[in-house]
Amino acid sequence: MADEILEYARVQVEQVILVHVNLADDITFTAFDEAWDQVCKVHSDRTEGTNVYEAGECPFVFKKEGGPWSSLGELVNYDPEMAQWEGDGEVVGVRSKIILTTSRKSIHNSAYFSEKFWRSSPVQNAPDIDQQLHHLCKTSGGVGLEAYVDPSYDNVKDMTFDAAFWENAIASACDINNADACVNMIEVDQYHYYLDYLYELQKRMVPVNFGRWQGQKVKLETSKIVKKERERDEL
């Protein structure tokens, strides 16, 4: 998995890739860092314009230390007004960044993990999801949508990811247009089946979150995909 992530970051420019890692209890941060270094060195050596590789300093990883978050553009040194350095017709240097997070409470001994920067919503079939999501969105900061079904609940039969359900949850329960929070993450099982909607949600949510970052309120546009599905169901 690390090889695929680093390959993507090396080939695709000006991307910020968030990877949330569920570490097994018997895996230490030291073991993870050493394994990551082995793969990262390979991709760093393949990248024009990088320095001699040093353990614990993978150039593709951004680790949040202190102070406010940078903008996505600042993380990847994106400046549309600046001429880009090119060598032999190819873009050079590290042009994308990976942010690694984990569910573990303490990350002090890790060279690469950043603190988790969102609070998680209940899962799709949680009985009190509307109340909990409303409470989360009343407080400033990031909210992550756990948009999957928990099999431990009784109401799991024939239930899959429901885009219309989450559209309503974001608009009504979270009340995103008046909320202090921003939705900055969504977890979906078998996400490849829902990429059209997820890409659309991302495109609509970016100006909302950017407005929050600037201290402005920007309204979330209505989903055209969900609207079409509702109209089709009504026929």
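Just so you know, residue 1 is the first one in the sequence shown, and it goes up from there.
A donor-acceptor pair shorter than 3.5 Å cannot be found between the side chains of E146 and S121. Side-chain contact annotation: H134 with S172, donor-acceptor N/O pair under 3.5 Å absent. In this structure, a donor-acceptor pair under 3.5 Å is present between the side chains of S223 and E200.
Annotation for N109: atom CG does not count as buried by contact number, only 12 or fewer foreign heavy atoms lying within 6.0 Å. Open room surrounds NZ on K224; 12 or fewer heavy atoms of other groups in view lie less than 6.0 Å from it. Counted within 6.0 Å of NE2 on H20, heavy atoms from surrounding residues, nucleotides or ligands total more than 12; the atom is thus considered enclosed.
Between F161 and Y197, the ring planes are tilted. Angles from 30° to 60° get that label.
Distance check: L23 CG to T28 OG1 gives 9.0 Å after rounding to the nearest 0.5 Å.
Within the 4.5 Å cutoff, side-chain heavy atoms of N22 are placed close to those of S103.
Under a 4.0 Å N-O distance rule, the pair E221/R204 does not qualify as a salt bridge. We find that K41 and D37 are not joined by a salt bridge, their nearest charged nitrogen and carboxylate oxygen being 4.0 Å or further apart.
Note that R104 lies in the cation-pi zone of F29, set by a 6.0 Å cut-off to the ring centre and a 45° limit from the axis.
With R212 contributing its side chain and A181 its backbone, the two residues share a donor-acceptor pair below 3.5 Å.
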